[in-house]
Number of protein chains: 2
Amino acid sequence: MKKSDQNNTITIGQVSKIKQISAYTLRYYDKQGLLPKVIRDKNGTRHFTNEDLQWLDMIKCLKNTGMNLEEIKVFVDSTYQGATTLVARIDLLKRQQDVIKETILEQQKYMDQINAKIDVLNKELISVENGKSETNK
Amino acid sequence: MKKSDQNNTITIGQVSKIKQISAYTLRYYDKQGLLPKVIRDKNGTRHFTNEDLQWLDMIKCLKNTGMNLEEIKVFVDSTYQGATTLVARIDLLKRQQDVIKETILEQQKYMDQINAKIDVLNKELISVENGKSETNK
DNA sequence: ATAAACCTTAGAGATTACTCTAAGTCAAGT
DNA sequence: ACTTGACTTAGAGTAATCTCTAAGGTTTAT
């Protein structure tokens, strides 16, 4: 155990491995204000707590459901403004759930579209196999 | 009806309106080889057929399910290579369906995660409303 | 015949989200 | 003491996907 290890915190390299996010990206997120609670030691080295890791999960969730970093920052800032923004934050999350619902419906629609295309191509394939066509159809 | 209208084709501006894609983007797609069948008149003006519009739907489908333009071009090129690539194209579409399935599962996971977060925030809200906290929690 | 409203091109610029480089600091191990 | 390896910063570079500009051509209506 390194001398610098303390209070159950881990450094950026360890976070990178655990969360499969490059240290570059983590620093970038920090620079963009997405990780305001990450503490620094006297050398400036970041020390991530479990809470910070949970934040990363939340950021990943919002990002992968279509929110860009600027919008995520609004949520982060809102969180650190405290209890007065609770209702706004709950609303924001509910709207994001609506986004997810739409995404799922959209993806299902695309699934159907590809199914239809596969059917068309399969018919073409059978037609070719039966020698009904000598040229490209 | 304009003199140039013929054979049920429409120009890029009309496609733009109908498909809600900017003419810039359509030209960009064409430049990238995603629209190889669009015909030109003697002035170089593009004339889109119904088949081209269907292609645009397919491109949109593949793009919005996570495929990048380079990968889409592989599919487009493959299509214009004719019947010898039918099996490969069907496989590609089936793999894309797998991608969609994963996307939907992932999105549902994020939905759950946000639900959990909303629960936490709602409890915080109730706590604040009951005056159990004077400071930011 | 001239204006309006289209279309064309090549290539520059914008945006987002990284990704990396250079130069340097610090702590641990031998 | 020195090497190794992890960390730091500011800022440059990259990739993908547009998005626009400048300069110009064609068609249609008045």
Side-chain angles (χ1 to χ4, degrees), chain A residues 1-7 9-36 38-49 52 55-56 58-76 99, chain B residues 1-7 9-36 38-49 52 55-56 58-76 99:
Chain A
M1 196 184 202
K2 289 179 190 172
K3 204 160 93 182
S4 65
D5 285 350
Q6 55 188 218
N7 302 320
T9 64
I10 56 175
T11 58
I12 203 161
Q14 294 167 306
V15 176
S16 175
K17 272 176 203 148
I18 293 165
K19 293 292 174 186
Q20 297 292 300
I21 306 171
S22 81
Y24 296 138
T25 302
L26 290 168
R27 290 197 197 96
Y28 173 71
Y29 284 176
D30 194 8
K31 214 186 276 184
Q32 301 305 308
L34 265 47
L35 302 167
V38 173
I39 53 170
R40 306 289 193 105
D41 64 18
K42 66 183 194 310
N43 303 317
T45 298
R46 293 171 185 82
H47 292 264
F48 290 73
T49 64
D52 295 326
W55 254 123
L56 278 175
M58 198 68 220
I59 289 168
K60 185 183 168 193
C61 170
L62 295 175
K63 193 174 100 67
N64 289 355
T65 55
M67 209 180 268
N68 65 33
L69 300 189
E70 199 179 339
E71 291 168 318
I72 294 171
K73 182 162 164 46
V74 171
F75 184 69
V76 172
V99 170
Chain B
M1 196 185 203
K2 290 178 190 171
K3 202 160 92 182
S4 62
D5 286 349
Q6 54 187 215
N7 301 320
T9 65
I10 57 176
T11 59
I12 203 162
Q14 294 167 305
V15 176
S16 176
K17 272 176 200 147
I18 292 165
K19 292 293 175 187
Q20 297 293 299
I21 307 170
S22 80
Y24 295 138
T25 302
L26 290 168
R27 289 195 198 96
Y28 174 71
Y29 285 176
D30 194 8
K31 215 187 274 184
Q32 301 306 309
L34 266 47
L35 302 168
V38 173
I39 53 170
R40 306 290 193 105
D41 64 19
K42 66 183 194 311
N43 303 316
T45 298
R46 294 171 185 82
H47 292 264
F48 290 74
T49 63
D52 295 325
W55 253 123
L56 278 175
M58 197 69 219
I59 289 168
K60 186 183 167 191
C61 171
L62 295 174
K63 194 174 102 65
N64 289 354
T65 56
M67 207 180 270
N68 66 31
L69 299 188
E70 199 179 339
E71 291 168 318
I72 294 171
K73 182 162 163 48
V74 170
F75 184 70
V76 172
V99 170

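Hydrogens, waters and symmetry mates play no part in the numbers below; they use all other heavy atoms, side chains included. Since the structure is predicted, the reported quantities are computational estimates derived from the model, not experimental observations.
- Between the CZ atom of A/Phe48 and the P atom of D/dT8 there is a distance of 8 Å, given to the nearest Å.
- A close approach under 4.0 Å does occur between a side-chain nitrogen or oxygen of A/Asn43 and OP1 or OP2 of C/dA27.
- At whole-Å resolution of the value, NZ in A/Lys31 and P in C/dT19 are 14 Å apart.
- The listed nucleotides are D/dT21, D/dT17, C/dT21; the one nearest the side chain of B/Tyr28 is D/dT17.
- The CG atom of A/Asp41 sits 11 Å away from the C1' atom of C/dT25 (whole-angstrom rounding).
- Judged by distance alone, with hydrogens and angles left aside, the side-chain atoms of B/Asn68 form a donor-acceptor pair with the main-chain N or O of B/Glu70 at under 3.5 Å.
- Two residues, B/Lys63 and B/Lys42, neighbour DNA chain D, and the one matched to the more 5' nucleotide by heavy-atom proximity is B/Lys63.
- Where A/Lys17 and B/Leu69 meet DNA chain D, the nucleotide closest to each residue was compared, and A/Lys17 sits on the side nearer the 5' end.
- Applying the 4.0 Å criterion to OP1 and OP2 of D/dT17, one finds that B/Arg27 has every side-chain N and O outside that range.
- Looking at heavy-atom distances under 4.0 Å, A/Arg46 makes contact with sugar-phosphate atoms alone, never a base.
- Salt bridge annotation for B/Arg40-B/Asp30: present, with a cationic side-chain nitrogen under 4.0 angstrom from a carboxylate oxygen.
- When each of D/dT9, D/dC18, C/dC7 is scored by its nearest atom to the side-chain atoms of B/Thr11, the top-ranked nucleotide is C/dC7.
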Please assess B/Leu26 against B/Leu56 for the test side-chain contact (heavy atoms from CB on, under 4.5 Å), listing each intermediate value before the final yes or no. CA-CA 9 Å; B/Leu26 290 168; B/Leu56 278 175; 3.7 Å; yes

